[in-house]
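A short write-up of the structure that comes next.
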Amino acid sequence: MLGTLLTIYARIHVHNFNTLDTKLVRHHRTWLEYFCVYVPWSLYSSWVLGATLISIFVACGKAPEESINGGIAALSFAAFANLMVLAWARDPWFAGVNVWTLIAIAYNQSDLPLISGSAIALAGVVGASALVTWVVNVLDLVPAMSRFYSRGSKGSLHEAMLGN
């Protein structure tokens, strides 16, 4: 299930699987596609990834105090996966779910300071990276916006983003 979900996630972000470049799709999608397809799928995919990692960790059956190292490893893997998605797809929505999950884990595991502290630290790293990625995404819109307004708002913003 997780493999299929992540394959679909990759497919909606990549035009050509030979290069795995997301730039072409990112610059050709409409706002409607972005908010009705990409954002919901990102939220769902990230949620399933996090739930899968938690399920694997819980399935080990150890008492929480006995599995602190495994818990920190699982949290670190989740953060690393989200940082890789940020670097590849520039998707702050995907990382936002992970930040929310890490904060919830820190709150719920406050009796285990190593788990709680690791979760907060990783949430900070992923959250800061997501914020930087969001700013870069917004700054990518600036040239398109200036092209759109410099020609007297003729045509569409979508055409201006494509450089037409």
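One is the number of the first residue; the rest follow in order along the sequence.
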Apply side chain to side chain contact (heavy atoms under 4.5 Å, CB included) to the pair Leu83 and Val125, showing each step before the final yes or no.
-> CA-CA 9 Å; Leu83 292 172; Val125 169; 4.2 Å; yes
Ser116/Leu112 under side chain to side chain contact (heavy atoms under 4.5 Å, CB included): CA gap, chis, key distance, verdict = CA-CA 6 Å; Ser116 181; Leu112 299 170; 5.9 Å; no
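Ring-centre distance between Trp41 and Tyr44: below the 6.0 Å cut-off. Taking the six-membered ring for Trp, Trp93 and Trp134 have ring centres at least 6.0 Å apart.
Residues forming a ring pair (Phe, Tyr, Trp, His ring centres under 6.0 Å) with Phe80 (at least two apart in sequence, or on another chain): none.
Criterion: ILVMFWY side-chain heavy atoms under 4.5 Å apart, direct or through other members. Under it, Val126 and Val136 are not part of a common hydrophobic cluster. Cluster membership check: Val138 shares its hydrophobic cluster with Leu131, using side-chain heavy-atom separations under 4.5 Å among Ile, Leu, Val, Met, Phe, Trp and Tyr. Criterion: ILVMFWY side-chain heavy atoms under 4.5 Å apart, direct or through other members. Under it, Tyr107 and Ile103 are not part of a common hydrophobic cluster. Hydrophobic clustering (ILVMFWY, side-chain heavy atoms < 4.5 Å, transitive): Trp88 and Val97 are in one cluster.
The side chain to side chain contact (heavy atoms under 4.5 Å, CB included) with Ile115 is formed by just one residue from the set Ile120, Ile105, Asn108; it is Ile105.
Checking side-chain atoms of Asn137 against main-chain N and O of Arg90 turns up a donor-acceptor pair under 3.5 Å.
Counting heavy atoms from C-beta on, the side chains of Leu86 and Asp91 never come closer than 4.5 Å. The closest side-chain heavy-atom distance from Leu43 to Phe94 is not below 4.5 Å.
Residues Leu102 and Leu122 approach most closely at CD1-C, 3.8 Å, considering heavy atoms. Nearest heavy atoms, Ala130 versus Ala95: CB-CB, 3.9 Å. Heavy atoms only, all atoms of each residue included: Ser118 and Leu75 are closest at CB-CD1, 4.5 Å. Taking every heavy atom of both residues into account, Val99 and Ala123 meet most closely at CG2-O, 3.8 Å.
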